[in-house]
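Before any comments, here is the structure.
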Amino acid sequence: MLHIRVTKGVDKGEQIKTRQGVVSVGRSPRCDLALGDNRVSHVHGEFLVVGPRCFYRDLLSRNGSFVRSGGETFWLGPLQSEREVKTDDEIIVGNTTVLVEAVLPEGIRTTQRGEDDFAATRAVDLNHHGRPEEQPLATAEIAQFQGFLDLPSHDATSVNETKAAVCDALLKVFPEAACVTLIGLLPGGGEELTADRLDIAGAVSASQKIDEDRADPRYSFHVLAQSYAGRGLVYYGSGAAMPDAPSVRLGSMDSCVCLPLWQGGELSGFLYAYTVAGHGRPFTRRDAQLFWLLGGVASLLLSRAADAEQRSRWRAAAAAGEAVSGLSHDARPVLDALGKNMLGVEKSLPAVARNNSWKFVQQDLKFLRRITRDAIRRARTGRGDLRSREVRLRPLVDEVVAMCRRYFLDSVHRDDVTFINACHESHTATIDRQAAQQALINCIKNSLRPLREAWGHRQDRSGTIKIISCDDFQSRQRYCLLSVCDDVGGIPRQVLEQLGQPFVAGKDPRGLGLGVYIVSDIVGRMGGQVRIATSTEPAGGLPAGTVVSFSLPKNDQARKLSNETSRPRLLVIRDYPRYRKRIEKALSPGD
């Protein structure tokens with residue numbers, strides 16, 4: 001049951017107590033909680049009750065939503081649209097505040113007793129059916145299934161997390177199993193299963209430590225192939241001899257059960273579990289039937305998680321599309337109006353044109369016009385508005401450093417960051433100047449983020465950011481390297497492997513990685529390449545940090561050649577110490 005109440009706004013006092021799984025909020029009369037606030041969208045958001053948990057989701061509203069929880073406030077918008085909410089949390093939409101009074105899952109009563117008493121009570125609810133002569137199920141027996149009973153309330157927004165939860169729950173339901181594995185299938189097909197179709201990297205297992213000397217295979221390919229061919233359950237047990245396969249012998253498998261999983265009418269993977277001789281009883285036919293039943297639930301949960309992941313990508317793509325469409329409708333007249341207003345100010349006050357701060361404002365406006373025009377043209381025609389010409393790198397870096405100091409550092413912490421411009425006066429590249437500025441600003445902002453977070457927690461922390469130019473090691477005649485090196489900590493490996501793809505976590509685990517994706521896109525369109533080397537620990541006498549290098553064409557001929565050869569736009573360098581030492585050799589003494 002969900003109980004919410006309006007505590008601030010024109011609808012103060014309105015409340016809803018409902019057992020619905022979805023409760024909509026907005027100005028539309030059709031919403032469950034209809035509000036009269038003009039700053040609230042037609043259908044602004046919704047509450048989702050999933051088992052004992054509740055989530056609030058912003059539905060691409062015009063002004064977004066805020067969730068106030070535990071003394072912190074979180075903004076929800078197109079790219080981060082939902083958050084779990086609990087009792088006493090507040091949701092702010094427009095000028096209206098909605099308090100979550102209570103969240104109670106359907107069919108569960110509040111109790112002051114312990115967990116064991118609650119499990120026994122639940123057993124009576126499931127088994128009694130009003131006939132006092134029947135005995136309730138034992139607490140231990142219910143506890144065996146409790147993990148799987150909780151799965152439908154699992155936050156199914158991550159396929160990998162759902163896989164792990166399924167395997168852990170099944171291992172508790174079948175405690176005699178040595179291992180439970182969920183392994184997916186890669187796209188392909190055919191009459192027979194081949195090893196290259198198995199998603200080995202994405203396989204998830206839950207296992208018991210039984211014997212130190214025994215090999216621990218997660219499955220038998222021979223059994224998976226039988227399940228694939230028959231499109232159904234495969235069961236070995238009750239005295240039936242296991243197949244004479246290497247994985248069976250190495251794992252001392254005594255019995256096993258394998259179930260194909262389905263998604264959208266297609267076979268998507270397998271659930272596999274096996275027992276070991278001498279460690280508990282082998283699987284029985286009843287175990288196989290129960291495995292088949294629970295496997296069907298697992299298949300539904302995995303499909304739900306995959307759909308949730310896909311929907312989040314669609315929402316992000318839709319938001320990006322709305323942003324680009326909004327640029328063509330709103331940004332151009334707004335920026336034109338700003339330009340006209342600035343010209344009017346300069347005519348009235350001619351001296352302001354010589355003011356450095358005013359020059360920065362002009363540069364900002366010119367920068368915004370450039371990016372807006374490029375986005376609009378690409379959205380309409382598929383062709384960008386970048387123009388490459390010869391640019392000296394050292395003055396470019398000086399301008400970017402000045403902008404970053406002004407944009408991202410306040411007067412208190414300005415001296416805590418040391419910027420070193422180690423670009424040689426003679427180094428040039430054939431690039432779009434403003435696009436290169438945007439790429440450099442993004443990289444420096446990423447380097448500053450850990451420092452700014454430390455300052456936000458009142459921690460004293462300083463760092464150094466070096467921008468270095470040199471000839472590209474791979475092609476000295478055609479390309480130069482422009483590298484941003486920091487010493488503020490590296491990128492975690494699991495995040496590093498995902499960089500360069502949209503809608504993934506970036507260097508900041510709360511980010512979406514769109515910055516890196518956009519940078520690699522811009523540099524690639526200029527005929528260049530982005531290279532990243534990083535380490536989260538000191539290595540080779542170097543501090544933990546990151547090097548982001550732009551391999552940029554030196555002339556127009558190199559730029560055209562790079563577009564013809566289709567170099568990868570993003571390259572991850574694995575040997576961080578060696579790569580950084582080669583880059584920093586370009587630092588001149590005294591810089």
Among all residues two or more places apart in sequence or in another chain, which pass the side-chain contact (heavy atoms from CB on, under 4.5 Å) test with [X]?
X	result
Cys404	Val400, Phe408, Ile441, Ile444
Ser41	His44, Ser61, Arg62
Leu99	Arg5, Thr7, Glu90, Glu101

Expected output: side-chain [X] to main-chain [Y] donor-acceptor under 3.5 Å:
X	Y	answer
Thr536	Ile491	no
Arg197	Leu186	yes
Ser299	Leu261	no
Asp32	Ser24	yes
Asp11	Leu35	no
Thr534	Gly545	yes

Which distance, rounded to the nearest 0.5 Å, do you find between the [atom1] of [X] and the [atom2] of [Y]?
X	Y	atom1	atom2	answer
His42	Leu59	NE2	CG	12.0 Å
Lys163	Leu182	NZ	CG	6.0 Å
Cys179	Arg218	SG	CZ	7.5 Å
Leu171	Gln208	CG	CD	5.0 Å
Arg406	Arg414	CZ	CZ	10.0 Å
Ile532	Cys443	CD1	SG	7.5 Å

Nearest heavy atoms of [X] and [Y], plus distance in Å:
X	Y	answer
Phe47	Cys54	CD2-SG, 4.0 Å
Thr181	Cys167	C-SG, 4.2 Å
Ala439	Val523	CB-CG2, 4.3 Å
Ala273	Phe283	O-CE1, 3.5 Å
Pro260	Phe270	CA-CD2, 4.0 Å
Leu33	Glu14	CD1-CB, 4.4 Å

Report the C-alpha separation of Leu185 and Leu198 in whole Å, then their side-chain angles, then the decisive distance to 0.1 Å, and conclude whether the side-chain contact (heavy atoms from CB on, under 4.5 Å) test is met. CA-CA 5 Å; Leu185 280 178; Leu198 299 179; 3.8 Å; yes
Decide yes or no on side-chain contact (heavy atoms from CB on, under 4.5 Å) for Ser447 and Thr546, but give the supporting numbers first. CA-CA 8 Å; Ser447 296; Thr546 300; 6.0 Å; no
Which of Val530, Val519, Leu440 passes side-chain contact (heavy atoms from CB on, under 4.5 Å) with Val548? It is Val530
Ser69: which of Ile91, Asp88, Val85, Asp89 passes side-chain contact (heavy atoms from CB on, under 4.5 Å): Asp89
Do the non-hydrogen side-chain atoms of [X] and [Y] ever get within less than 4.5 Å of each other?
X	Y	result
Leu448	Ile465	yes
Leu224	Ile183	yes
Ile4	Tyr56	no
Leu294	Leu170	yes
Asn446	Val484	no

Classify the ring geometry between Phe291 and Phe174 as parallel (under 30°), tilted (30 to 60°) or perpendicular (over 60°). tilted
Would you say Arg231 has more than 12 foreign heavy atoms packed within less than 6.0 Å of its CZ? yes
Check this for me: Trp455, atom CH2, are more than 12 non-hydrogen atoms of other residues, nucleotides or ligands nearer than 6.0 Å? yes
What do the steps show when you test Val257 against Asp287 for side-chain contact (heavy atoms from CB on, under 4.5 Å), and what is the final call? CA-CA 9 Å; Val257 60; Asp287 291 328; over 6 Å; no
Where do Val173 and Leu290 land on the side-chain contact (heavy atoms from CB on, under 4.5 Å) test, with the steps shown first? CA-CA 9 Å; Val173 174; Leu290 182 59; 4.0 Å; yes
